[in-house]
Amino acid sequence: MIYRSWLRAEGFTPDVFDGRPVIGIANSWSELTPCNAHLRGVADAVKRGVWQAGGFPLEFPTMSLGESLMRPTAMLFRNLMAMEVEELLRANPIDAVVLLSGCDKTTPAMLMAAASVDLPTIMVTGGPMLNGRFRGTQVGSGTHVWRFEQEHAAGRMTQEDLLAAETGMARSCGHCMTMGTASTMACMAETLGMQLPESATWPAADSRRLRTAQQAGQRIVDLARSDLCPSRVMTRQAFENAIIVNAAIGGSTNAVIHLLAIAGRLGVPLALDDFDVLARPVPTLVNLMPSGKYLMEDFCYAGGLPAVMRELSGFLHTSHVGVTGRALADVIATAECWNREVIRAAADPLQPPGSGTAVLRGNLCPDGAVIKQSAASPHLLRHRGQALVFDSIEDYHLAAPDPHLNVQESTILVVRGAGPRGYPGMPEVGNFVLPTKLLERGVTDMVRISDARMSGTGFGTVVLHVAPEAAVGGPLALVQTGDWISLDVPARMLTLEVGDAELARRRVAWSPQVSPFSRGYARLYVEHVQQASQGADLDFLTGASGAAVPRDNH
Ligand code: FES
């Protein structure tokens, strides 16, 4: 009686308690997460589907992570959201769940949670914004922020121009419409089999976004009665497919960290080097910013992810079964491409095989580092230069405008203290704007190295995720201004040209900084976060606990 009575306070008729599946709708809606601000409407569409199929839908709010507004960085809170959603799913009496996400970190956080609980789950991402338009050209969220800021810093764009570009870049609800992290992770969720086919790309403002949501509501009722749980969907084969698709779509480097973290929850063996080995034979097919020219609306109308996967079928595990219950081969059998400019044929790719995200090794990154080749300048992929080192991104920002800064076009800019533990939260600052004096000379790219991340919408020859990070004593902590560094992406090498004896001498003189975070979640994070090469999850959150409540007094 206690369970029914309190729910009756919401006005439900008694027949909802007739044993039908209870479907949770975990909603990351928030006005502080503009990319997810329309998800209440999406939840209504999911509910329609659940009622239609004979389930009992109950929507509940979760933590939300607004990439553009949260400080110091939304990534600091990805693991907190994953922990919160996990506990909500386990603690409440639900049989299955639909996850509503959108902005960058909300999608991986929810997938990590679902993986650890392992209830039947479908994800519905909120969809991208409509294409940005400004003065007759297409502009991409994020990508054009960096471009316009660089133009402004170089004196080629006025403050008024920047203000005029703002609204043209955000014309509707939805997440960033470049192939940034949100679009990438939506595509990863679909490739992993956790959301329905075509779900990743329908624009947020398109009625077919709501149709997809209603279909997800119908399907989750079937799943509630099956054992097709995340652990059976997100298999090693699914992750291999995700890595291959990420290479073909020119996806975000953040996908590397998020996929490693999700796999860590499931106990699926996935290593950083898998991203290099599996992606090397794969050409970039999708012509989207920041690697290419178009935007998510174009990608959707060109056929979306199924058209890409059909083109890639020779690389993929097509026997994989996702939440549809059908093999991938069946799902993509009739997928068509309607615009070969946007989704290129494998025989005529945007970029040749091996131009996706590369994993580097060497004495500067013993546990690895990554570089997104498709967003880099080809002439810098082999480069030797002298380091100009900054201990924090703030130090760099103070120095960058200095007209007397001792920096050349060939200099390698090194920023440290921006890793998972060092910042903390590993902010997206790896594609920092170039020094002003070089911008004014027309320089558009330089080699930059850091233990930070880069926004999926960013571009440039930037080496990211250097591990171990400087804050835990990785070799990055030992680099000094004037040291020679050589980057050889084709050979997958990043080398600090300093002898072992000298590095050992510097190590003796090095001491870790004391973290200023003495309490609360930030302290927990600093004490337990793993390195980027392991997915930057908290060490005690890896693995799964299942859906059963350890101790149930009722
Ligand atoms: Fe939310 Fe880009 S800021 S997806």
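Values reported hereafter were calculated over all heavy atoms of this structure, with side chains retained and with hydrogens, waters and symmetry mates removed. Order of appearance sets the numbers: ligands from 1, and atoms from 1 within every ligand. Starting from 1, each residue takes its place in the sequence as its number.
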- Note on the structure: The side-chain contact (heavy atoms from CB on, under 4.5 Å) partners of Asn92 (sequence neighbours excluded) come to Leu88

- Task: Tally every protein N/O/S atom whose distance to atom 1 (Fe) of ligand 1 is less than 2.8 Å; waters are neither shown nor counted.
- Result: 2

Positive for side chain to side chain contact (heavy atoms under 4.5 Å, CB included) with [X], one of [options]:
| X | options | result |
| --- | --- | --- |
| Arg416 | Ile393, Val466, Asp451 | Asp451 |
| Ile220 | Ile25, Ile122, Val97, Thr121 | Ile122 |
| His465 | Met454, Met426, Gln531 | Met426 |

- Task: Identify whether NZ of Lys or CZ of Arg in Arg453 sits under 6.0 Å from the centre of the six-membered ring of Tyr423 and within 45° of that ring's axis.
- Result: no

- Query: For the side chain of Glu469 and the backbone of Arg421, is there at least one donor-acceptor N/O pair under 3.5 Å apart?
  - Reply: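 Yes, the answer is positive, given that a donor and an acceptor are paired below the 3.5 Å cut-off.
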
